[in-house]
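Below is one structure, written out as structure tokens, with a few remarks after it.
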Amino acid sequence: MDGTPQQQGHGPGPAPGRLTGVVDESVHQRACPALRESVAWYSGYRQAGLPPALHRGLPSPYLTLIFTLDDPLTLLRHPDPRQAPGDYSTLLGGLHTTPALIAHEGSQSGIQVALAPLGARTLLGLPAGELAGLDLPADAVLGRLAAEIQERVQAAPTWHRRFRVLDELLLRQAQLAREPARTPTPEVARAWRVLLSSGGTAPAAALAAEVGWSGRHLAARFQEHIGLTPKAAARVVRFDRARRMLPGRQRLADVAATCGYYDQAHLSREFHALAGCSPSDWLAAENPRDTDDPGSEMSKPSATPPGETGPIAGGTTRTGSH
């Protein structure tokens with residue numbers, strides 16, 4: 001799920017538990033080089049003194065791992081509607097194709113870690129497919145490590161120090177888990193990377209031909225290791241790329257053409273299916289200062305996390321994220 005605040009802040013910000021006045025920060029950083037096959041980026045967010053808001057946690061090509069710094073993350077609706085609403089001090093979410101609904105009362109803070117599906121076995125000890133469509137407390141999978149990370153990032157005085165804590169502890173976890181059985185098959189890894197590099201436009205049949213498997217076999221193994229079938233994953237990758245372009249100064253029809261949709265109407269239909277709203281409604285909710293018609297030009301540059309190639313990663317938005 002994706003969703004870190006878009007407004008960019010500067011400096012370390014106040015320490016957890018001492019938010020005063022209006023605060024609106026969003027800080028992105030790539031993981032250390034040794035982790036980049038498993039972790040795309042870190043996104044720190046801190047907001048206080050703002051009006052209460054609702055936010056859609058949108059589908060993205062990354063699993064979501066969140067450690068809150070102050071108030072818990074409140075999910076009013078999960079991607080799987082069978083899951084009951086709840087509050088989370090830490091959260092781990094798999095890939096999904098429908099939005100979550102997140103609420104805050106004017107303040108929220110935390111760090112989102114964008115986990116690559118191919119790194120799930122290494123860092124989580126299980127394939128990404130076992131988490132597809134689910135939201136869980138992070139300790140349900142990471143055990144004591146989840147509490148250790150949260151305690152240390154809460155104690156760290158700056159975003160830079162918090163990100164260093166994540167590098168240290170996630171790298172330790174990856175080194176402990178180094179064994180061949182914890183890596184997806186080369187064919188799945190190859191198909192996933194081709195799909196990402198195509199921006200979600202590579203057909204499932206082409207991916208199967210690329211790795212020398214039947215379409216049915218690839219779909220089964222892909223869903224096991226990634227969490228979605230190749231066709232569903234392609235929709236998410238393409239949607240994620242498109243929605244990250246929307247806050248920029250581009251016409252909606254141009255975004256549709258760039259991202260491989262048939263036309264603007266096709267993009268709008270996919271947005272309704274994956275986000276639960278139109279592109280203009282999403283922009284109005286997530287970027288209230290963007291008042292231009294999305295059929296014309298967007299007025300505000302997007303906050304794309306470093307190291308993204310079309311995506312990234314889970315996301316830019318007005319709440320703790322998913």
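The figures here come from the full heavy-atom set of this structure, side chains too, leaving out hydrogens, waters and symmetry mates.
Ring geometry, Tyr262 versus His266: the interplanar angle falls under 30°, so the pair is classed parallel (tilted spans 30 to 60°).
Side-chain N or O atoms of Arg190 include none that pairs as donor or acceptor with a backbone N or O of Val211 at under 3.5 Å. Not one N or O on the side chain of Asp87 forms a donor-acceptor pair closer than 3.5 Å with the backbone of Pro72. Side chain of Gln29 to main chain of Phe163: no donor-acceptor pair is present (N/O by atom type, distance under 3.5 Å, no hydrogens or angles). Arg241 contributes no side-chain N or O that, together with a main-chain N or O of Gly200, makes up a donor-acceptor pair within less than 3.5 Å. When atom types are taken as modelled, the side chain of Gln150 and the backbone of Ser89 share a donor-acceptor pair closer than 3.5 angstrom. Of the possible donor and acceptor atoms, none in the side chain of Glu224 sits under 3.5 Å from a partner among the backbone N and O of Gly129. At least one donor-acceptor pair closer than 3.5 Å links the side chain of Arg56 to the backbone N or O of Ala275. Remark: side-chain polar atoms of His78 are not paired, donor with acceptor, to backbone N or O of Leu134 under 3.5 angstrom. Of the possible donor and acceptor atoms, one in the side chain of Tyr261 sits under 3.5 Å from a partner among the backbone N and O of Phe239.
Contact annotation: the side chain of Val39 never approaches that of Asp167 to less than 4.5 Å [non-hydrogen atoms, C-beta and beyond]. Considering only heavy atoms from C-beta on, Leu69 comes within 4.5 Å of Arg162 through its side chain. Side-chain atoms of Pro59 and Leu95, non-hydrogen and from C-beta on, never get closer than 4.5 Å to each other. The shortest distance between side-chain heavy atoms of His55 and Gln108 does not fall below 4.5 Å. Counting only heavy atoms from C-beta outward, the side chains of Pro137 and Tyr88 approach each other to under 4.5 Å. Using a 4.5 Å cut-off on side-chain heavy atoms (C-beta onward), Pro127 and Pro184 make no contact. The shortest side-chain heavy-atom distance between Thr90 and Ile66 does not fall under the 4.5 Å cut-off. With a 4.5 Å cut-off on side-chain heavy atoms, Arg152 and Leu169 count as touching.
Atom CG in Leu136 sits 7.5 Å away from atom CG in Leu91 (nearest 0.5 Å). Within the model, atoms CG of Leu58 and NE2 of His96 stand 8.0 Å from one another, a figure rounded to the nearest 0.5 Å. Summarising the geometry, atom CZ belonging to Phe222 is positioned 5.0 Å from atom CG belonging to Leu195; distances are rounded to the nearest 0.5 Å. Rounded to the nearest 0.5 angstrom, Ile149 CD1 and Glu168 CD are separated by 10.0 Å. Summarising the geometry, atom CG belonging to Asp24 is positioned 13.0 Å from atom OH belonging to Tyr45; distances are rounded to the nearest 0.5 Å. Here Leu35 contributes atom CG and Thr122 contributes atom OG1; the two are 10.0 Å apart, rounded to the nearest 0.5 Å.
Gly227 approaches Ala132 most closely through the heavy-atom pair O-CB, 3.2 Å. Among all heavy-atom pairs drawn from Ala138 and Leu65, the shortest one is CB-CD1, 3.8 Å. Arg221 approaches Thr185 most closely through the heavy-atom pair NH2-CG2, 3.1 Å. For the residue pair Leu54 and Ala103, the shortest heavy atom distance occurs at CD2-CB, 3.5 Å. The two atoms that bring Gly199 and Val237 nearest to each other are C-CG1, 3.5 Å, heavy atoms only. What you find for Met245 and Thr258 is that their closest heavy atoms are CE-CG2, 3.9 Å.
Under a 4.0 Å N-O distance rule, the pair Arg144/Glu151 qualifies as a salt bridge.
Other residues, nucleotides and ligands contribute only 12 or fewer heavy atoms inside 6.0 Å of the CZ atom of Arg161.
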**OP:** Take Trp192 and His225, measure what side chain to side chain contact (heavy atoms under 4.5 Å, CB included) needs, and give me the verdict at the end.
**Re:** CA-CA 10 Å; Trp192 176 245; His225 292 291; over 6 Å; no
Subject >> side chain to side chain contact (heavy atoms under 4.5 Å, CB included) between Leu126 and Val141, worked out >> reply: CA-CA 9 Å; Leu126 76 175; Val141 174; 3.7 Å; yes
**OP:** List the steps and the verdict of side chain to side chain contact (heavy atoms under 4.5 Å, CB included) for Ser280 and Leu252.
**Re:** CA-CA 10 Å; Ser280 58; Leu252 193 56; over 6 Å; no
**OP:** I would like to know whether Thr68 and Gln154 meet side-chain hydrogen bond (donor to acceptor under 3.5 Å, both in side chains); could you show each step before the answer?
**Re:** CA-CA 8 Å; Thr68 62; Gln154 287 177 335; 5.0 Å; no
**OP:** Test side chain to side chain contact (heavy atoms under 4.5 Å, CB included) on Ser278 and His272 and set out the steps.
**Re:** CA-CA 5 Å; Ser278 69; His272 273 284; 3.6 Å; yes
Subject >> Test side-chain hydrogen bond (donor to acceptor under 3.5 Å, both in side chains) applied to Asp71 and Ser107, step by step >> reply: CA-CA 8 Å; Asp71 298 329; Ser107 65; 3.0 Å; yes
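Checking Asp240 against Tyr62 by side-chain atom types alone, no donor-acceptor pair falls below 3.5 Å.
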